[in-house]
**Q** 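Okay, handing you the structure first.
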Amino acid sequence: MSLQLHNSLTGKKEVFKPIEAGKVGMYICGVTVYDYSHVGHARVMVVFDIVYRWLKQLGYDVNYVRNFTDVDDKIIARAAESNIDIQALTDEMIDAFHQDMDGLECLRPSLEPRATTHMDEMIAMIEALIARDCAYVSSSGDVLYAVRSFEGYGQLSGKDIDDLESGSRVDVDESKRDPLDFVLWKKAKKGEPSWDSPWGQGRPGWHIECSAMSCKHLGNTFDIHGGGMDLKFPHHENEIAQARAANDGQFARYWLHNGFVNINAEKMSKSLGNFFTIREVTENFHPEVLRMFILGTHYRSPLDFSDAALDAAKAGLDRLYETKRRIGETTTGIEQVSLPQGFCDALNDDFNTPEALAEVFECSRRINKALDAEEDVSTDIQYFAAMLALLGIVQQDAASWFQGNDEDTDAIEKLLAERMQAKKNRDFARADAIRDTLKAQGIVLEDTASGTTWKRG
RNA sequence: GGCAGGGUGGCCAAGUGGUAAGGCAGAGGUCUGCAAAAUCUCCACCGCGGGUUCGAUUCCCGCCCCUGCCUCCA
């Protein structure tokens, strides 16, 4: 089975064929760096991390580009509020973003371009648009894109320009030829960062950034463009309008959009204020739990966020870690092997991670069963490790997963030794008392043939 | 109003024209000194009403309900 993916452009699942055999160019809309990233961002990054990992697994040479929007109204406002330098703010937030992503086991993209270092490309693209009569300088001094000049406008989002206007919530702006026209270049206001341009001092609009950076690093036509569902319109629609009008290229051939993270069945978003940052969540849960939670649902479906859901993800991970711990006790020298067919089929089918996880759990059960029966499980053990490595979960040491690695464990070990002695003397009352004492501290004991292990419950 | 995507066991969540993966939770058994872990067994008539079909949860039509986009948003 070859890779099939759901293309938002056609609304259908299609067989993936790269432009150039063996190579894939992929652009994902990154974050605007004015604040810590939230769980919604985590989902995008994890989802496309899986896409990236899987494409690489299939043998493609992937050029994965993900941008940082580091010039924007919100950044300017936040910097002013906090009374810090814009660059200091964006640098700090980019650092924080990288920490969050590392915790989530997201591989770094091939390239992470910043908007502020691509002014020349954006200006050139805007010039091309003006030259082709697709853009104009408005009476306010901004450069605007003339939406009606682009025939295919609305194709990605399935919208009709006239429908958009009739039910429009777009501000009517006298300087616009058409209410839907959007800003390519904003005329500078005093005190705001600005760059030289043929239209005077100013800064780029949001949409032009992605068109310019993707085309620069991946070419005018490239394979995959992705991002959150909310970017489909108008952001991605505008990206297409800009890039195609300026370059003639086809722009992205496959568009992938992930579903939202919801809270109480409502979209998590900055504007609603109902969001949790990744750092807030990882205060109480290991980042792998968040990753597991995300992988448990197909990327295009909505995902309801709650503590209960995270608890369930954690419980599932614990189960896998139990298997990992047992494997650690019984095997040596695990080799990397190919992945099982069912797992590959799942991921080839539009990145069906829930199905892939089901394969992992089934493999886990087979291993436990065989280990109980003292049968050979070497193949499954290798499959198990390979699947987990691909998914980027259960990558911690099993002992530290269960026991933590920063706290003093001498006291625990001492009590365990005492209990072992009591058990030997068949003083079960004493042994159970010790177990209860530890349980009160949140420590659960497990007696196995090879001794007693413990974990934090 | 326009457009898009959904409604599957207590919860989460895959999937298929021929009677439904997996996880969490629960019940019972095995194992264990007892537990824990592991393992086994059990737990769904797939929103409602029609239609097509030998047969539909899966296709078509209608209805109800939910969410999203149409403004910045991952």
Side-chain angles (χ1 to χ4, degrees), chain A residues 8 11 28-32 37-48 72-74 154 157-160 162-171 179-180 182 206 226-235 237 257-262 265-272 275 292-293 296-298 300-304 306 308-320 322-323 325-326 342 346 349 352-362 364-365 367-373 402 423 426-429 431-432 435-436 439 444-449 452-455 457:
Chain A
S8 302
I28 305 302
C29 289
V31 291
T32 300
S37 299
H38 60 66
V39 177
H41 299 118
R43 188 177 193 193
V44 185
M45 303 315 156
V46 168
V47 161
F48 289 102
D72 165 89
D73 290 344
K74 286 173 180 156
S157 50
K159 295 187 186 304
D160 181 85
D162 295 315
D163 287 345
L164 280 169
E165 300 210 335
S166 59
S168 181
R169 284 189 270 163
V170 181
D171 290 337
L180 291 173
F182 58 89
W206 177 40
M229 206 86 95
D230 47 355
L231 298 186
K232 209 166 170 182
F233 188 92
H235 184 56
E237 198 68 59
H257 291 100
N258 65 275
F260 297 124
V261 175
N262 294 154
E266 207 178 36
K267 178 185 169 187
M268 176 187 290
S269 74
K270 292 275 193 180
S271 33
L272 289 172
F275 62 92
M292 180 73 170
F293 163 68
T297 299
H298 185 86
R300 285 193 284 115
S301 302
L303 175 58
D304 247 333
S306 67
L310 290 175
D311 284 337
K314 158 101 167 44
L317 271 184
D318 282 346
R319 184 180 169 79
L320 298 178
E322 285 290 355
T323 300
R325 176 155 76 174
R326 293 185 70 182
D349 183 14
N352 191 334
T353 52
E355 184 80 49
L357 277 175
E359 294 286 331
V360 172
F361 278 105
E362 279 164 10
S364 166
R365 175 178 299 118
I367 290 170
N368 286 324
K369 212 167 153 179
L371 251 29
D372 285 347
F402 287 122
K423 277 180 66 177
R426 302 194 67 77
D427 180 1
F428 296 121
D432 290 352
R435 187 166 63 197
D436 289 345
K439 193 177 179 186
V444 180
L445 301 190
E446 292 173 24
D447 294 330
T448 70
T452 301
T453 61
W454 62 274
K455 64 185 179 187

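Below, all heavy atoms of this structure are taken into account, side chains as well, without hydrogens, waters or symmetry copies. Each chain gets a letter, A, B and so on, in the order its sequence line appears, and its residues count up from 1.
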**Q** Considering residues at least two apart in sequence or located in another chain, which fulfil the side chain to side chain contact (heavy atoms under 4.5 Å, CB included) criterion with A:Lys159?
**A**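 Applying side chain to side chain contact (heavy atoms under 4.5 Å, CB included) to A:Lys159 gives A:Ser157, A:Leu164, A:Phe233.
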**Q** I want to check one thing: is the phosphate of B:rU39, taken as OP1 and OP2, less than 4.0 Å away from some side-chain N or O of A:Arg319?
**A**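 Indeed, a polar side-chain atom of A:Arg319 lies that close.
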**Q** Is it true that A:Glu322 and A:Arg325 make a salt bridge, defined as a side-chain N closer than 4.0 Å to a carboxylate O?
**A**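 Yes, A:Glu322 and A:Arg325 are salt-bridged.
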**Q** In whole Å, what separates the P atom of B:rA35 from that of B:rC31?
**A**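 Their P atoms lie roughly 11 Å apart.
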**Q** Base, sugar-phosphate alone, or nothing: which one does A:Ala309 contact when heavy atoms must sit under 4.0 Å apart?
**A**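 Since no nucleic acid heavy atom lies under 4.0 Å of A:Ala309, the category is nothing.
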**Q** For A:Lys74, report the nucleic acid contact type (base, sugar-phosphate, nothing); a contact means any heavy atom under 4.0 Å.
**A**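 The answer is base, as A:Lys74 lies within the cut-off (heavy atoms under 4.0 Å) of a base atom.
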**Q** Check whether any side-chain N or O of A:Arg300 sits under 4.0 Å from OP1 or OP2 of B:rA4, and answer yes or no.
**A**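 It does not, given that no N or O in the side chain of A:Arg300 lies less than 4.0 Å from OP1 or OP2 of B:rA4.
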**Q** Which of the following nucleotides, B:rG22, B:rA74, B:rG33, is nearest to the side chain of A:Ala358?
**A**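 The listed nucleotide nearest to A:Ala358's side chain is B:rG22.
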**Q** Given B:rG2, is OP1 or OP2 found less than 4.0 Å from the side-chain N or O atoms of A:Ser157?
**A**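 For B:rG2, OP1/OP2 do not have a side-chain N/O of A:Ser157 under 4.0 Å.
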**Q** Could you tell me whether A:Leu445 contacts a base, only the sugar-phosphate backbone, or nothing, with contacts defined as non-hydrogen atoms closer than 4.0 Å?
**A**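 Base contact - A:Leu445 has a heavy atom under 4.0 Å of at least one base atom.
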**Q** Work out which heavy atom in A:His298 is nearest to a heavy atom in A:Asn352; give both atom names and the distance.
**A**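 Result for this residue pair: ND1-CA, 3.9 Å.
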**Q** What nucleic acid atoms does A:Asn368 come within less than 4.0 Å of, heavy atoms only: base, sugar-phosphate, or nothing?
**A**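 Sugar-phosphate, no base atom in range.
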**Q** How is A:Gly158 classified with respect to the nucleic acid when contacts are heavy atoms under 4.0 Å: base, sugar-phosphate, or nothing?
**A**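 Sugar-phosphate contact only.
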**Q** Could you please name the option among B:rA21, B:rG33, B:rA38 that lies closest to any side-chain atom of A:Asp432?
**A**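 Among B:rA21, B:rG33, B:rA38, the one nearest the side chain of A:Asp432 is B:rG33.
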**Q** When we call it a touch if two heavy atoms are under 4.0 Å apart, what does A:Val261 touch: a base, just sugar-phosphate, or nothing?
**A**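 Counting heavy atoms under 4.0 Å across all strands, the contact made by A:Val261 includes a base.
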**Q** Give A:Phe260 one of three labels, base, sugar-phosphate or nothing, depending on what nucleic acid heavy atoms sit under 4.0 Å from its own.
**A**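 A:Phe260: base contact, heavy atoms under 4.0 Å.
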**Q** Any donor-acceptor pair, under 3.5 Å, between the side chain of A:Lys159 and the base of B:rC69, if you only look at N and O atoms?
**A**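 Present.
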**Q** What is the minimum heavy-atom distance between A:Trp454 and A:Leu445, and which atoms define it?
**A**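 Closest approach of A:Trp454 to A:Leu445: CB-CD2, 3.6 Å.
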**Q** At 4.0 Å (heavy atoms only), tell me whether A:His298 reaches a base, stays on the sugar-phosphate, or touches nothing.
**A**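 Sugar-phosphate contact only.
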**Q** Would you indicate which nucleotide in B:rG22, B:rC3, B:rA74 comes nearest to any side-chain atom of A:Glu362?
**A**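 Nearest to the side-chain atoms of A:Glu362, counting from C-beta on, is B:rG22.
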**Q** From the set B:rC72, B:rC24, B:rA14, return the single nucleotide nearest to any side-chain atom of A:Pro354.
**A**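 Between B:rC72, B:rC24, B:rA14, the one nearest the side chain of A:Pro354 would be B:rA14.
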**Q** Please work out if A:Met45 contacts a base, only the sugar-phosphate, or nothing of the nucleic acid, heavy-atom cut-off 4.0 Å.
**A**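 Answer is nothing: A:Met45 stays at 4.0 Å or more from every strand.
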**Q** Using OP1 and OP2 only, check whether a side-chain N or O of A:Lys369 sits under 4.0 Å from B:rC40.
**A**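 So the side-chain polar atoms of A:Lys369 do come within 4.0 Å of the phosphate oxygens OP1 or OP2 of B:rC40, strictly under.
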**Q** Just to confirm, is there a sub-4.0 Å distance from OP1 or OP2 of B:rU67 to any side-chain nitrogen or oxygen of A:Asn262?
**A**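 It does not, given that no N or O in the side chain of A:Asn262 lies less than 4.0 Å from OP1 or OP2 of B:rU67.
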**Q** Ignoring hydrogens and angles, does a donor from either the side chain of A:Arg43 or the base of B:rA74 sit under 3.5 Å from an acceptor on the other?
**A**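 No, no donor-acceptor pair under 3.5 Å.
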**Q** Can you check whether A:Phe428 stacks with the B:rG33 base, using ring centres under 5.5 Å and planes within 30°?
**A**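 Stacked: centres under 5.5 Å apart, planes under 30°.
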**Q** Identify the heavy atoms of A:Ser364 and A:Thr323 that sit nearest to each other, and give their distance.
**A**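 Of all heavy-atom pairs spanning A:Ser364 and A:Thr323, the closest is OG-OG1, 2.8 Å.
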**Q** Using atom P in both nucleotides, what's the gap between B:rG49 and B:rU57 to the nearest angstrom?
**A**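 Going atom to atom, P in each nucleotide, I get 11 Å.
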**Q** Nearest to the side chain of A:Asp447 - B:rU39, B:rG15, B:rC34?
**A**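 Out of B:rU39, B:rG15, B:rC34, the nucleotide with an atom closest to A:Asp447's side chain is B:rC34.
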**Q** Does a side-chain N or O from A:Arg326 land closer than 4.0 Å to OP1 or OP2 of B:rA38, or not?
**A**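 No, no such contact exists.
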**Q** Let me know the distance between CG of A:Leu310 and P of B:rC24, rounded to the nearest Å.
**A**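 Those two atoms, CG and P, are 15 Å apart.
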**Q** Does any non-hydrogen side-chain atom of A:Arg319 lie less than 4.5 Å from one of A:Asn368?
**A**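 A side-chain contact under 4.5 Å is absent here.
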**Q** What nucleotide, of B:rA36, B:rA74, B:rC69, holds the atom closest to the side chain of A:Phe233?
**A**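 For the A:Phe233 side chain, the nearest candidate turns out to be B:rC69.
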**Q** I'd like the P distance from B:rU52 over to B:rG68, given in whole Å.
**A**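 Those two atoms are separated by 38 Å.
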**Q** Among the nucleotides B:rA21, B:rA36, B:rG68, which one has an atom lying closest to any side-chain atom of A:Glu446?
**A**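 Nearest to the side chain of A:Glu446 among the choices is B:rA36.
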**Q** Which is more 5' along RNA chain B, the nucleotide nearest A:Leu357 or the one nearest A:Asp304? Just name the residue.
**A**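 Closer to the 5' end of RNA chain B: A:Asp304.
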**Q** For RNA chain B, what are the stems built from at least three Watson-Crick or G-U pairs in a row, each pair having both distances below 3.5 Å?
**A**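 RNA chain B forms these stems: B:1-7 with B:64-70, B:10-12 with B:22-24, B:26-30 with B:38-42, B:47-51 with B:59-63.
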**Q** Determine the interatomic distance between P on B:rU53 and the same-named atom on B:rC60; round to the nearest Å.
**A**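 It comes out at 16 Å once rounded to the nearest Å.
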**Q** Quick one: list whatever passes side chain to side chain contact (heavy atoms under 4.5 Å, CB included) with A:Asp432, sequence neighbours left out.
**A**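 Partners of A:Asp432 by the side chain to side chain contact (heavy atoms under 4.5 Å, CB included) criterion, ordered by chain and then number, come out as A:Arg435.
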**Q** Before accepting this row, confirm whether a basic side-chain N of the pair A:Asp447/A:Lys423 lies closer than 4.0 Å to the acidic partner's carboxylate O.
**A**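 Yes, charged N to carboxylate O under 4.0 Å.
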**Q** Counting only side-chain N and O atoms of A:Arg325, is one of them less than 4.0 Å from OP1 or OP2 of B:rA38?
**A**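 No, outside the criterion.
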**Q** What nucleotide, of B:rC3, B:rA14, B:rU39, holds the atom closest to the side chain of A:Asn352?
**A**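 Among B:rC3, B:rA14, B:rU39, the one nearest the side chain of A:Asn352 is B:rA14.
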**Q** Identify the two heavy atoms, one from A:Val261 and one from A:Gly40, that lie closest to each other, and give their separation to 0.1 Å.
**A**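 Distance-wise, the nearest heavy atoms are CG2-CA, 3.8 Å.
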**Q** What's the closest nucleotide to the A:Thr297 side chain, out of B:rC72, B:rG2, B:rA13?
**A**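 Of B:rC72, B:rG2, B:rA13, B:rA13 is nearest to the side chain of A:Thr297.
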**Q** I want to confirm an ordering. Mapping A:Lys232 and A:Gly259 to their closest nucleotides on RNA chain B, which one lands closer to the 5' end?
**A**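 The residue whose closest nucleotide sits nearer the 5' end is A:Lys232.
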**Q** Mind checking if A:Ser37 touches a base, just sugar-phosphate, or nothing, with heavy atoms under 4.0 Å?
**A**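 It contacts nothing in the nucleic acid.
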**Q** Grab the two heavy atoms, one from A:Pro354 and one from A:Gly296, that are nearest each other, plus how far apart they are.
**A**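 Taking every non-hydrogen atom into account, CG-O, 3.6 Å.
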